[in-house]
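What follows is one structure encoded as structure tokens, with my remarks underneath.
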There are 2 protein chains.
Amino acid sequence: MRSDARRNRDRLLAAAREEFAAQGRGASLNRIAQQAGVGPGTLYRHFPSAQALLVAIISEDVAALCARGEELLAHPSAGEALRAWLRALAVHASAMRGLVAVEALGGGAALAECHDAIRAAGSRLLRRAEEEAGERYQVDIDDLLVAVNAMAWAGEQAPQDHARLDRLLALLMRGLPSAG
Amino acid sequence: MRSDARRNRDRLLAAAREEFAAQGRGASLNRIAQQAGVGPGTLYRHFPSAQALLVAIISEDVAALCARGEELLAHPSAGEALRAWLRALAVHASAMRGLVAVEALGGGAALAECHDAIRAAGSRLLRRAEEEAGERYQVDIDDLLVAVNAMAWAGEQAPQDHARLDRLLALLMRGLPSAG
DNA sequence: GTAATATACGGAGACCCTCTCCGCATAGCA
DNA sequence: TGCTATGCGGAGAGGGTCTCCGTATATTAC
């Protein structure tokens, strides 16, 4: 990749993060291109669709989430570790308003890889929590992750209510093993 | 209101229901007007924004939900009644893809009335379930309703997975009193 | 039945958004 | 320094939201 292309790509990603965080669903790809100082054509060459742009951003975050999951495997309380990680996931999902919605949709192969990585991390934490609690927690890990995303989405619908996300997560986690 | 205006209003609402159900977020107000056989100007005179249109549709449904809540107060199991009603709420929220999202947003006075009515019905069912279970269920009714909406939203993100909504609701309801 | 009037209609069009196409510029290389 | 592959950018097509205003019509009074 040519150096100017690389530079533009990076600028576009940075501008997109800002725009998505600020505007949520109302984000405009035009504005992103403008903010990054490139033409719309350049944006669409790098990212053929708004979704591709989102996937690229998400991919950047997934590694961090997986690393956090790895760390949390060493946490003395497996139940708390699971909760902490799900909360981190929710915060990631909330980071840009409306981003979650697209994350939940199709999104292609790149996003599938992200999902697999997230699912793997979540599965390990869930299994450890189950072992700790000595009971099988009858839930599909995918459902649990979707539910966490849904809570993040709902939390973002009322951005002024900062505590809502925590309350919603608490509500969701009532049924988890070794609940506080 | 002039008779032709009334007729057009009704046609617009019917067309809007179809369009929202079929297209979800991709719904086009232009198409709704076209489908209803009126010009765009007519649509915007009756409903100044897409949100106003949604609110009008929602208002139509709320009465039915409240009536269902009333019925369920007579159900022998208060816990089951609560669950059944929350499920009905989720189905309503799912009825048109993406409608939930707007429902969660501001929406003005008309929507506030709807929320109040829903909250009142939900509160009564929740209180009865608590009494039956002999325990106080520490949850804000608003949070519970938002969470149900969030699950409906998540369910609609994967319309091909019909059972997902049920699984997500089950997940949410694990922490409810007298859970099965 | 007809005239007067308030009310509502509808479509042209302004403006913005997404996304494409292609002539032009330039980075990288010999 | 010149060549070429690669990338840039903006004009513009197509469609969406929403407005404005000349035209049409339901309604009322006579």
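A note on names: the letters A, B, ... follow the listed sequences, proteins ahead of strands, and every chain is numbered from 1. What you see is a predicted model, and the numbers here were worked out from it, not measured in a lab.
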Spacing between B:Q34 atom CD and D:dT17 atom P, to the nearest angstrom: 12 Å
Whole-Å distance separating the CD atom of B:Q23 from the C1' atom of D:dG16: 13 Å
Can you name the atoms? Protein N/O to nucleotides 12-15 of chain C N/O, anything below 3.5 Å, with the distance.
none

Non-neighbouring partners of A:A67 that pass side chain to side chain contact (heavy atoms under 4.5 Å, CB included), sequence neighbours left out: none
Rounded distance (Å) that lies between atom C1' of D:dG7 and atom OH of A:Y44: 18 Å
Name every donor-acceptor pair, under 3.5 Å, that has one atom in a side chain of residues 37-46 of chain B and the other anywhere in the protein, sequence neighbours excluded.
none

Pair listing, salt bridge (charged side-chain N to carboxylate O under 4.0 Å, His left out) test, anchored in residues 27-44 of chain A, at least two apart: A:E19-A:R31
Counterpart residues, side chain to side chain donor-acceptor pair (under 3.5 Å), relative to B:N30 (two or more places apart): none
Going by atom type alone, with no hydrogens or angles, which donor-acceptor pairs under 3.5 Å involve a side-chain atom of residues 8-18 of chain A and a protein atom two or more places apart or on another chain?
residue : atom : partner : partner atom : Å
A:N8    : ND2  : A:D4    : O            : 3.4
A:R17   : NE   : A:E60   : OE1          : 3.4
A:R17   : NH2  : A:I57   : O            : 3.4
A:R17   : NH2  : A:E60   : OE1          : 2.8
A:R17   : NH2  : A:D61   : OD1          : 3.0

Axis bend over the full length of the helix from C:dG1-D:dC30 to C:dA30-D:dT1, computed from five pairs that close each end, to 10 degrees: 10°
Donor-acceptor contact present, side-chain A:R83 to main-chain A:M173, <3.5 Å: yes
Between D:dT19 (P) and B:F47 (CZ): distance, integer Å: 15 Å
N/O (side chain, A:H46) to phosphate O (OP1/OP2, D:dG7) under 4.0 Å: no
Sequence-distant partners of A:R127, side chain to side chain contact (heavy atoms under 4.5 Å, CB included), two or more places apart: A:S123, A:R124, A:E130, A:E131
Option among A:D143, A:D142, A:D140 that satisfies the salt bridge (charged side-chain N to carboxylate O under 4.0 Å, His left out) test with B:R167: A:D143
Sugar-phosphate only, base, or nothing, as touched by A:R9 at under 4.0 Å among non-hydrogen atoms: nothing
Test side chain to side chain contact (heavy atoms under 4.5 Å, CB included) applied to A:R68 - qualifying residues, sequence neighbours left out: A:E71, A:L72, A:W85
Filtered N/O pairs between nucleotides 25-28 of chain D and protein, under 3.5 Å:
residue : atom : partner : partner atom : Å
D:dT25  : O2   : B:R2    : NH1          : 3.2
D:dA26  : O4'  : B:R2    : NE           : 3.4
D:dA26  : O3'  : B:S3    : OG           : 3.2
D:dT27  : OP1  : B:S3    : OG           : 3.4

Separation of D:dG9 C1' from A:Q35 CD (nearest whole Å): 17 Å
Residue mapping more 5' on DNA chain C - nearest nucleotide basis, A:R45 or A:S28: A:S28
Test item: B:Q23 side-chain N/O and B:S28 main-chain N/O as donor-acceptor pair under 3.5 Å: no
Sugar-phosphate only, base, or nothing, as touched by B:T42 at under 4.0 Å among non-hydrogen atoms: base
Atom pair distance, as rounded to whole Å: CG in A:L29 and P in C:dT18: 4 Å
Test side chain to side chain contact (heavy atoms under 4.5 Å, CB included) applied to A:V146 - qualifying residues, sequence neighbours left out: B:A154, B:R164, B:L168
Interatomic distance where CZ belongs to A:R6 and P belongs to D:dC8 [whole Å]: 12 Å
Sequence-distant partners of A:D116, side chain to side chain donor-acceptor pair (under 3.5 Å), two or more places apart: A:R119
Proximity to the side chain of A:N30 - top-ranked nucleotide from C:dT18, C:dG10, D:dC8: C:dT18
Value in whole Å for how far the P atom of D:dG15 lies from CD1 of B:I32: 18 Å
